[in-house]
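Chain A is the first sequence line, chain B the second, and so forth, proteins listed ahead of strands; every chain is numbered from 1.
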Amino acid sequence: MKQSILQIVLDTPLDSSFDYRWQASDDSEPTPQIGQLVQLSFGRREVVGMIVGTSAESDVPAEKLKNVQAVRHQLPPLSPQWLALCRFAADYYQRPLGEVALPGLPKNLRALTTVALDRGLKKLQQSGAAHDATPIDVAQLNPAQQQAADAIAGASGFAPTLLYGVTGSGKTEVYLQAAAQILAHNEGGADNPSQILILVPEINLTPQLEGNIRARFPGVMVATLHSGLAEGERMRHWLAAHLGQARIILGTRLAVLASLPHLKLIVIDEEHDPSYKQQEGLRYSARDLAVWRAHQLGIPIVLGSATPSLETWHHTQSGRYRKLELRERAVKDAVLPLVRRIDMERDKPSEGLTSTLVSALKQRLERGEQSLLFLNRRGYAPVIACDACGWVSNCTRCTSFMVLHKPEHRLRCHHCSLELRIPKSCPTCGNVDLQPLGRGTQRLEEGLQAMFPEARVLRIDADSTRRKGSAQAAFDSVHRGEVDILIGTQMVAKGHDFKNLTLVGILNPDTALFSHDYRASERLFAQLMQVAGRAGRAAQKEGGSASEVLIQTRYPQHPLYAAVIAHDYDRFATSLLEERAQACLPPYIYQALLRAEAKELETAIEFLQQAANCIEHGGITMHDPIPMTMTRVANVDRAQLLIECPSRPGLQAFLTDWMAQLRQIRTRAKWSLEVDPVDI
DNA sequence: AGCACGCCGACT
DNA sequence: GTCGGCGTGCTC
């Protein structure tokens, strides 16, 4: 009877594979394959794992070896390329392979009760001939777009390309045209129809894109992959991708780990967007993994952005990535909005609005045009205080203020969700006159409504859109023209193109200029460009003036604003890169961050100190352990230790050794390591 | 991470 | 007398 040893990985933090014995029940049972799922008993639990290797012998004593209970032959094995991607991610981010390979699989596949795999697939939209990838209703591309699409689709082998173009320059058309060419060419032949992966930051903000794709490729199965899918849908879509039936896969960051056996092109839209970074568990960058995947498969990858990440920009300067630029807006007669600074020292604001911005709003109201006020701070006021004794609304569980939410009559901590009724008087001295300090979207809304009683004002932020579907309803109402002045946080910065919007006011952007996070200005620039792009995307009306963006600032002379006004990302990015090079910051060096948390700050710091001392670190810069800027969240104290290295392989080699040492340290602190951290 | 075992403090 | 706190140790 056939038998062998299987190396199995499981979804546990244990950094090793486990050997199990397999014995055929009869001669007809197929031999287990690498990439197949197996059911087995682990400790006293029943779990599902994945075969990552097979052999005749095991180093594990025979009496400890258990038999696998069942091999899941129904599911075609995950490919060696896919496993190699997981292995790379596991090694690079210093996590066990099983923690990378298993959690991304649909829950049904990992459940102990097997479900039939061959049912329900047909629900995915598919009409017409499966291999007819000809797009219909091809939009007229301008020469720059056509050239870009040809260059992308015509590239052979690994060809990373930055598609650089302002909002409205028609990047999406380029992606779709390149996709159409690659699907039509269908290099693998009729039995292996080519697949295309399109990553977007947040799928809910790009419903038009999915509709666009389906309309443009009526004969092609399109699958979406994102965290909002119901379990059944997720299973169907994942399987359609794994079985090679879905040919266009549109998804968020998690889709980068999907099984795509015939992948021939990867597109990353808005590649600079922070949501490509997973911020818990396996803290991966979907953008970086996508580039690795394209390299592994020798296929083209397109990174699209109006404000590329400095990492990507750096690669174009060094020649590692090719840069294709779309200089014009693709919509006929559309022009870039006119951006102006308003000096808040000269034009003192009342209710948070300078007189210049107020008259611009008035003008739009008279003309029947829409305005957007961007204020990235929700709530009524970030803190309330007592004038008499100096009490402020500190959170009792976090190093932060409780934010005043006036309509809800609550003080709320945005970090631990603690809620209190608004105190009627000062808790320490009894003074009844507690003052809100600063201004959030609720307070702005109140002030505007008082200033323009006739105007239809709508606020869109996380608080006003808590109920499911309410965000969509709010955006629809803006599109229908039922709103004169829209107030929004970063929620309104992405995706939506408001046809009748001709004024964008940006309030209070200055804090990011002086942040300790060296990436803050890069992010602010991207955000300002993105918000500015909400206006003036459509062709200007006959005789109408260009859309306007007004930035209220106390630092009008700051070079960042000068660059925004000139729509000059090139020069801004180049100067930021020079600063980074001089200060020895990424992308010129590589970083990792060891975080620790515990009930007592002392415990966390002590662990980090031990971690710093437990290994020789030649070639590595090891900084001192420090409490995090927001030290306490939900009664847990947090600290971190930054390490830097001028070479990526050098950092990787060090981290592997270091992790082995760290696992030996006995501590009550909870800790984790992050490679290429983004907020420090 | 689970999950069990084990050894001390306040409960019906 | 037990329930349960979380320290410690193990998982092929």
Side-chain angles (χ1 to χ4, degrees), chain A residues 1-25 31-72 83 86-87 89-91 93-107 109-113 254 257 278-284 594-604 606-607 610-611 614 634-638 659-675:
Chain A
M1 215 50 94
K2 293 183 287 185
Q3 77 159 47
S4 62
I5 301 296
L6 308 179
Q7 277 102 46
I8 310 290
V9 290
L10 304 161
D11 182 14
T12 80
L14 300 168
D15 188 29
S16 64
S17 63
F18 294 87
D19 287 359
Y20 279 78
R21 195 187 299 108
W22 170 81
Q23 277 171 313
S25 52
T31 311
Q33 304 291 311
I34 288 173
Q36 280 181 319
L37 296 178
V38 289
Q39 188 174 326
L40 42 80
S41 121
F42 179 65
R44 353 223 131 182
R45 294 182 292 154
E46 300 271 292
V47 292
V48 169
M50 184 179 289
I51 305 173
V52 297
T54 61
S55 55
E57 305 277 318
S58 171
D59 293 338
V60 177
E63 68 276 12
K64 288 184 93 178
L65 281 180
K66 291 182 184 172
N67 286 347
V68 296
Q69 290 164 350
V71 181
R72 299 269 173 93
L83 262 177
C86 293
R87 197 165 265 131
D91 290 347
Y93 294 109
Q94 303 290 332
R95 311 288 307 202
L97 176 55
E99 257 193 4
V100 181
L102 289 159
L105 304 180
K107 280 214 177 62
L109 292 179
R110 289 188 293 140
L112 294 176
T113 47
L254 57 85
L257 288 171
Q278 167 81 35
Q279 289 292 32
E280 55 198 19
L282 177 79
R283 291 175 169 244
Y284 63 94
L594 183 63
R595 303 174 200 273
E597 57 177 55
K599 284 260 174 280
E600 303 293 332
L601 182 61
E602 190 68 47
T603 313
E606 213 167 83
F607 165 76
Q610 280 183 62
C614 75
N635 281 331
V636 176
D637 282 342
R638 298 129 22 109
M659 281 296 280
Q661 297 298 314
L662 294 182
R663 281 188 267 263
Q664 307 296 313
I665 298 177
R666 307 203 50 79
T667 175
R668 294 168 63 185
K670 268 178 68 178
W671 58 270
S672 63
L673 182 74
E674 177 164 6
V675 182

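- Remark: A/Arg45 is not in phosphate contact with B/dA4, judged by side-chain N or O atoms under 4.0 Å from OP1 or OP2.
- Using a 4.0 Å heavy-atom distance criterion, A/Phe42 is classed as a base contact.
- Going from atom CZ of A/Phe18 over to atom P of C/dC10 covers 13 Å, rounded to whole Å.
- When rounded to the nearest whole Å, the span between CZ of A/Arg663 and P of C/dT8 equals 20 Å.
- A/Met50 has its CE atom 18 Å from the C1' atom of C/dC12, to the nearest Å.
- In this structure A/Arg44 satisfies the salt bridge (Lys or Arg N to Asp or Glu O under 4.0 Å) test with no other residue, sequence neighbours excluded.
- Going from atom CD of A/Glu280 over to atom P of B/dA1 covers 14 Å, rounded to whole Å.
- Between A/Arg666 atom CZ and C/dG9 atom P there is a gap of 5 Å when expressed in whole angstrom units.
- Here C/dT8 presents its C1' atom at 15 Å from CD of A/Gln664, a figure rounded to the nearest Å.
- A heavy-atom distance below 4.5 Å is not found between the side chains of A/Leu282 and A/Glu99.
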Please list every donor-acceptor pair under 3.5 Å in which a side-chain atom of residues 51-61 of chain A meets a protein atom from a residue at least two apart or in another chain.
residue: A/Ser55; atom: OG; partner: A/Gln7; partner atom: NE2; Å: 3.1
residue: A/Ser55; atom: OG; partner: A/Glu57; partner atom: O; Å: 3.0
residue: A/Ser58; atom: OG; partner: A/Asp19; partner atom: OD2; Å: 2.6
residue: A/Ser58; atom: OG; partner: A/Val60; partner atom: N; Å: 3.0

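- Checking B/dC3, C/dC12, B/dA1 against the side-chain heavy atoms of A/Arg44 singles out B/dC3 as nearest.
- The shortest distance between side-chain heavy atoms of A/Tyr284 and A/Val100 does not fall below 4.5 Å.
- In this structure, A/Leu14 reaches the bases: a heavy-atom distance under 4.0 Å links it to at least one base atom across the strands shown.
- Rounded to whole angstrom, the span from the NZ atom of A/Lys670 across to the C1' atom of B/dG2 amounts to 14 Å.
- Between the CZ atom of A/Arg668 and the C1' atom of C/dC6 there is a distance of 9 Å, given to the nearest Å.
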